[in-house]
Number of protein chains: 2
Amino acid sequence: MTVDSARRHKYEIVAAGIRAMITDSLQPNDALPSERELMEIHGVSRMTVRAAIARLADEGLLYNVHGSGTYVGSPNLFAKAPKLTSFTEDMVSRGHVPSSRVLEISRTDASSKTASRLRLSPGAECTRIRRLRLADGNPMAIETVYLPGDVLPIEDFDARVSLYVQLSERGYEIYRAEQEIQAAILDAESSTLLGVPAGSAALEIDRIATDRRGLPIEYARTIYRGDRYSFQMAVTRESGDK
Amino acid sequence: MTVDSARRHKYEIVAAGIRAMITDSLQPNDALPSERELMEIHGVSRMTVRAAIARLADEGLLYNVHGSGTYVGSPNLFAKAPKLTSFTEDMVSRGHVPSSRVLEISRTDASSKTASRLRLSPGAECTRIRRLRLADGNPMAIETVYLPGDVLPIEDFDARVSLYVQLSERGYEIYRAEQEIQAAILDAESSTLLGVPAGSAALEIDRIATDRRGLPIEYARTIYRGDRYSFQMAVTRESGDK
DNA sequence: AAGTGGTCTAGACCACCGC
DNA sequence: CGGTGGTCTAGACCACTTC
């Protein structure tokens with residue numbers, strides 16, 4: 001039984017019902033009952049059925065064919081579209097146990113580049129946190145985070161608590177980010193920290209994270225070991241169209 | 001005037017109207033008229049207004065705050081969520097002129113890895129196309145594409161026409177893909193082709209592309225010059241939730 | 001308390017697919 | 001042609017923010 005009585009919205013109940021129907025008795029590319037049939041099955045209006053289906057289609061669990069029907073997606077397509085995650089969340093979702101070692105916490109004046117990324121005036125105060133990030137106790141990445149000074153003053157940072165949780169507690173809710181993924185080669189210092197030979201391949205991910213209003217909250221540069229980390233995602237054609 | 005009389009759906013007309021309103025007279029974080037007001041302005045029902053707003057919010061142009069209003073997003077957040085693009089489309093959107101040089105076209109028996117990626121039986125026939133990809137005449141990437149033999153027999157391939165167009169003409173509509181982005185280091189052959197020193201950093205993007213039903217159509221491995229190419233995208237938190 | 005977006009109903013017509 | 005998903009209407013109540 002997948003009944004979840006704690007759900008608040010009807011479309012969530014319907015979505016759960018469809019999920020159960022798929023795992024119980026449907027194969028990839030099988031047709032779902034029509035939207036009108038699902039209305040009667042769940043005793044809801046068509047819009048509610050469609051809201052549930054839209055949700056599941058976003059996840060790649062279903063796909064629609066206009067004029068024909070709604071079908072079950074293929075199992076190898078369940079990989080989800082990329083979303084904004086902290087290192088901690090990312091590692092947990094990959095089945096690793098995350099941890100970290102603080103390399104540096106300091107208050108600095110923003111460089112012109114950092115200032116423009118965080119939309120601060122040049123030379124404004126910011127907090128810089130550099131950490132070695134580990135997965136299952138093994139070095140995975142080196143992360144350098146810059147925060148505007150008033151977002152998280154250096155003296156308030158608690159190394160034992162997830163950064164995103166600390167930010168949330170102070171009223172800064174990260175919502176959106178722009179990321180850039182580049183290839184890099186490890187220098188002597190980084191390769192030593194990560195425990196690989198100098199000159200090894202690495203993945204560098206730069207991120208500017210903002211709240212809903214577009215106010216920059218975090219600029220992070222993370223250097224991942226190329227031999228242990230890759231970035232995976234599902235993409236579709238005609239993103240907004242359809 | 002942004003009036004587009006050729007639009008088919010009402011929500012597209014409303015969306016165009018909101019777009020014009022933003023560029024004409026609104027600043028980031030300004031509030032939009034309420035949904036009820038927009039109903040009257042455009043003479044449509046509320047659901048139509050909401051469909052238009054949802055569209056624009058997906059693009060990052062707007063954001064909603066429950067109980068408060070709908071607001072204009074920040075201009076630096078207009079970068080869009082990643083979507084499935086061919087090399088040609090990707091380069092054009094970056095403002096480059098794409099071209100390519102065919103290095104190899106052959107019919108091969110799928111290796112066990114390739115076969116499993118394309119969901120073929122091991123040793124099945126497939127078409128392999130290896131091309132040097134250029135942007136503005138300069139080497140940018142080396143792309144190796146594998147297609148199931150019945151999707152595009154080797155003798156039907158036309159090097160002068162975009163691969164995705166050829167596939168579409170044969171009834172294979174690519175819709176979705178899973179991509180993996182990794183760090184790599186160029187070997188002697190690749191670095192020569194790309195015109196950079198051996199040992200340079202590179203970005204490797206592996207892609208399995210399928211149609212709506214999840215049927216694999218293409219497996220592509222592309223090695224990009226690390227000094228000229230980076231992968232950029234916008235991500236949000238709580239992808240499906242909200 | 002008033003106004004906002006979020007969910008939901010019970011209908012309707014249209015565009016498209018397959019027989 | 002009937003059945004399907006896509007769009008749309010004109011209402012309603014709820015959850016939340018703001019004052």
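Residue numbering restarts at 1 for every chain, and letters A, B, ... go by the order of the sequence lines. Note that this is a predicted model, so its numbers are computed, not measured.
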Q: Just how far, in rounded Å, is P of dG6(C) from OH of Tyr63(B)?
A: 13 Å

Q: So, OP1 or OP2 of dT7(D): does either fall under 4.0 Å of a side-chain N or O from Tyr11(B)?
A: yes

Q: Before accepting this row, confirm whether a basic side-chain N of the pair Arg176(B)/Asp211(B) lies closer than 4.0 Å to the acidic partner's carboxylate O.
A: no

Q: Does a side chain donor of either Tyr164(A) or Arg237(B) reach within less than 3.5 Å of an acceptor in the other side chain?
A: no

Q: Output the single nucleotide from dT7(D), dC8(C), dG5(D) whose closest atom is nearest the side chain of His9(B).
A: dT7(D)

Q: Under a 4.0 Å N-O cut-off, is there an ion pair linking Arg50(B) with Glu35(B)?
A: yes

Q: Tell me the interatomic distance from Arg213(A), atom CZ, to dT17(D), atom C1', rounded to whole angstroms.
A: 15 Å

Q: Rounded to whole Å, how long is the line connecting atom CG of Leu32(B) with atom C1' of dT4(C)?
A: 13 Å

Q: Quick one: do Glu143(A) and Arg221(A) satisfy salt bridge (Lys or Arg N to Asp or Glu O under 4.0 Å)? Show the steps, please.
A: CA-CA 6 Å; Glu143(A) 182 194 74; Arg221(A) 163 170 301 190; over 6 Å; no

Q: Using a strict heavy-atom distance below 4.0 Å, which residues from residues 34-50 of chain B are in contact with DNA chain C?
A: Ser34(B), Glu35(B), Arg36(B), Arg46(B), Arg50(B)

Q: Taking CZ from Arg8(B) and P from dG6(D), how many angstroms apart are they, rounded to a whole number?
A: 13 Å

Q: Given atom CG of Asn64(A) and atom P of dT4(D), what is their separation to the nearest angstrom?
A: 14 Å

Q: Using a 6.0 Å distance limit plus a 45 degree cone around the ring axis, check whether Arg212(A) lies over the aromatic ring of Tyr175(A).
A: yes

Q: Between dC8(C), dG5(C), dC8(D), which nucleotide gets closest to the side-chain atoms of His66(B)?
A: dG5(C)

Q: Using a strict cut-off of less than 4.0 Å between a Lys/Arg side-chain nitrogen and an Asp/Glu carboxylate oxygen, indicate whether Arg19(A) and Glu59(A) qualify as a salt bridge.
A: yes

Q: Could you state the atom-to-atom distance from CZ of Arg55(A) to C1' of dT7(C) in whole Å?
A: 11 Å

Q: What is the distance from OH of Tyr71(B) to P of dC16(D), rounded to the nearest Å?
A: 16 Å

